[in-house]
Protein chains: 4
Amino acid sequence: MEEKEIQTFSKREQKKQLNRQNIINAAIQLFSSKPFSEVSMRAIAKDANVSPGLIYQYFDDQQHLFMTAFKIESTNLLNALRQTIEIQDDQLAVIARKYIDYMFRHDNLYQMMTYFMLENDHHGSVSAGLRNITDDLFAIFREALSKHLPEKQLKSAAQLFFASLNGILITYKNLPGRSQEATWQHIEHLVEVLVATIKRAYPE
Amino acid sequence: MEEKEIQTFSKREQKKQLNRQNIINAAIQLFSSKPFSEVSMRAIAKDANVSPGLIYQYFDDQQHLFMTAFKIESTNLLNALRQTIEIQDDQLAVIARKYIDYMFRHDNLYQMMTYFMLENDHHGSVSAGLRNITDDLFAIFREALSKHLPEKQLKSAAQLFFASLNGILITYKNLPGRSQEATWQHIEHLVEVLVATIKRAYPE
Amino acid sequence: MEEKEIQTFSKREQKKQLNRQNIINAAIQLFSSKPFSEVSMRAIAKDANVSPGLIYQYFDDQQHLFMTAFKIESTNLLNALRQTIEIQDDQLAVIARKYIDYMFRHDNLYQMMTYFMLENDHHGSVSAGLRNITDDLFAIFREALSKHLPEKQLKSAAQLFFASLNGILITYKNLPGRSQEATWQHIEHLVEVLVATIKRAYPE
Amino acid sequence: MEEKEIQTFSKREQKKQLNRQNIINAAIQLFSSKPFSEVSMRAIAKDANVSPGLIYQYFDDQQHLFMTAFKIESTNLLNALRQTIEIQDDQLAVIARKYIDYMFRHDNLYQMMTYFMLENDHHGSVSAGLRNITDDLFAIFREALSKHLPEKQLKSAAQLFFASLNGILITYKNLPGRSQEATWQHIEHLVEVLVATIKRAYPE
DNA sequence: TATGAATGAGAGTTCATTCAT
DNA sequence: GATGAATGAACTCTCATTCAT
């Protein structure tokens, strides 16, 4: 009897977590097919096979759900980048490329990152999330740059590097009048120039 | 009699132009206090002391009004930057600084530029506007970089420089946890590092 | 306990169906007091004691709501006519009279039918509804005419008969300058002439 | 001097009448390309090269302008039908065909006629116009039927005939699912059946 | 825990009409 | 007589969110 209850509870708990996960997945999925601001709570609920009301049991409001989805997606990016950190040769170029490649192909992450970067009425807890992710990414670039720059300059250089990559994406990713392929090549080229410039300024 | 008629006509025309200007001003004003996508036509009309319907006499739709406002504000920026082009000493640093300074202080322009950069369903004429402004800005940076780099590398370098400045702004301007003053100093510092890196890579 | 749950569920469902019905009723009601194209969703919501948004939970859009209302009302008419089909004596006259009588007294159905007949941008599913009703009505008239005409001519004759009745209504129902009573007598008379003409042309 | 004034006045008067005519023409023109209820005063003014305000100098409101346009167009129809009245052979068939042919090809007149027939809040003077036109049309059909029916039955028969033709048009002209050509053939056929039925009922 | 019916404010946009010029 | 700038109410429809069940 007791076991049954525990199991029931456990099943419930599982279902609960599954629902939560489904909601997040549905959100992430929708972000890749629609402009960020057009993803509605109703649509998420529908795709997650869940009632709209349930979303508010797991997330305070839309912002918090979006931020959670962002955190999860950016964790994937971080993992992908961390795998690269082992590489020794031309680490800087490889990481930079991996970063923009990931962002270019994962429109949902790109959309979310830019969305949160542009928001300026950060309500405490939500914004802290962005900060964490930014810091984590920054740490990776710092590591990759450590061969090229002295410790003293490392922090600023890493921040600059990170910012420049973002700038390249944001400035040119949606600039009209080019095919997707041409846009990608342009971005790739600019990243190469960025890496080359840094290497030139700070040879190993 | 004739004078009176002219004056009468003039008065009407003045009122008309005033209304048009008020609409644009109201829009620009609102862009600095609210996320771009949350500025409503009704709010603009109200702030401009004008009926909602009147806006559509001057602008085809919301997008066109927004683009017009963006053009006007960016023209101001371009003029400010062009004045700086005369300066000979340390032109690159001065222009870079002026650009981010302007963007930092004019939140409306910053909001608008990033908004249009992130939009990806550009409908023809509207998107052409963004392209023009981007090109104009790019030309200024190209000019400022021409002393440092050979002709061959100039184009990419200017694009990269422009992108990096945007990236610095976007990545750090709204990053929470810092005072406005501290944020500004951080951005300023990164721009200095950017300029220094370029100079180091490509001495005059 | 179980009963209570069922009842609870039932209450909710009842309220829901009541709202849905209220919306349709409000729409139907408004159609009899206003030109069809002037009935607004707001007015319907207000008369149904429901928020405007709720209407869109039950109906895709205005067209679908209108079509639903039309179907319901025309079903009532069809049922009324089908009851008459049992009658043997002078079936044609009785059915014709019943049809125009119903239409004359139910201004809402009259408004709706003419509205959909005059619409010319029928978007798929909506237009199919009109077609169905038209066909059903046509079948009834065909049946009533089957005594008078040979099989070969039946189809066209039924279509013509149906069209003529509509024409009488549309041409004279709102023709100004007559009292409602006089108008009705005029229409009734014309229908008698129509039936008489057919009988004269095609005696049993 | 006086002559000049007269001429000036005359010219003015001419211009005035021209404007009035242009407004009506623009309206009539627009009715053939758009659903009746979607023709706006602004659009009419624009097409007539006239300011929106001027329309209200010539016409009390939209309804009156529309009615005026309707009268003019229906006069054209009446003239076309009157030319046919001379014909001796098979006059009834010829006139019926001419009527539906004209209506079928002149969508603007068809739209207007049905519009005014369905209106039920006739404000005096406007509705009188419809009455006149209806009566004129009726007279023509009466004339065409005079060979077939005795004087006593003529009036009702003419009204019925007119109503039936309208009914055929309204019931089948926009019934979806048929090509325009097929629709026309169907209508033509029903009119033939109508004429045949009358001839059969009342041989010459 | 989970539902989903319901809210009601708010979005962009259009319109006939007016009136100062 | 003629203009056209301006109104402001009205339109359909969407949305995040709530709460009785």
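The basis for the numbers below is simple: all heavy atoms, side chains too, and nothing from hydrogens, waters or symmetry mates. Convention: sequence-line order gives letters A, B, ...; per-chain numbering from 1. Quick caveat: nothing in here was measured; it's all calculated off a predicted structure.
- Heavy-atom minimum distance, C/Leu65 versus C/Ile23: CD1-CG2, 4.0 Å.
- The heavy-atom pair separating D/Ile24 from D/Ala69 by the smallest distance is CG2-CA, 4.2 Å.
- In this structure, C/Asp61 places its CG atom 5 Å from P of F/dC13, rounding to the nearest Å.
- Taking atom CD1 of residue A/Ile44 and atom C1' of nucleotide F/dT17, one finds them 13 Å apart after rounding to whole Å.
- The nearest whole Å value for the distance from the CZ atom in D/Phe59 to the C1' atom in F/dG1 is 15 Å.
- Nucleotide E/dC15 holds its C1' atom 12 Å from the CZ atom of D/Phe66, rounded to whole Å.
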Check: Once each nucleotide of nucleotides 5-11 of chain E is scored for protein heavy atoms under 4.0 Å, what B/S/- sequence comes out, 5' to 3'?
Finding: BBBB-BB
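- Residues C/Ser51 and C/Ala45 approach most closely at C-CB, 4.0 Å, considering heavy atoms.
- For D/Phe66 and D/Phe31, the gap between ring centers is short of 6.0 Å.
- In this structure, A/His64 and A/Tyr58 have side chains that are not in contact, with every pair of non-hydrogen atoms separated by 4.5 Å or more.
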Next item on the list: Decide yes or no on side-chain contact (heavy atoms from CB on, under 4.5 Å) for C/Asn22 and C/Asn49, but give the supporting numbers first.
Entry: CA-CA 8 Å; C/Asn22 283 342; C/Asn49 280 322; 5.9 Å; no
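- Across the protein-nucleic acid pair, A/Lys46 atom NZ and E/dG4 atom P stand 13 Å apart, rounded to whole Å.
- Spacing between atom CG of D/Asn22 and atom P of F/dA2 amounts to 11 Å, rounded to whole angstrom units.
- Rounding to whole angstrom units, OH of residue B/Tyr56 and P of F/dG8 are separated by 17 Å.
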Note to self: Please convert DNA chain E into dot-bracket. A pair counts if it is Watson-Crick or G-U wobble with both distances under 3.5 Å; crossing pairs go in [ ] and bases paired with another strand get |.
What the structure shows: .||||||||||||||||||||
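- Using cut-offs of 30° and 60° on the angle between ring planes, the pair C/Phe116 and C/Phe70 is parallel.
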Next item on the list: Go through the steps to decide whether A/Arg20 and A/Thr68 satisfy the test side-chain contact (heavy atoms from CB on, under 4.5 Å), and finish with yes or no.
Entry: CA-CA 11 Å; A/Arg20 204 187 118 97; A/Thr68 304; 4.0 Å; yes
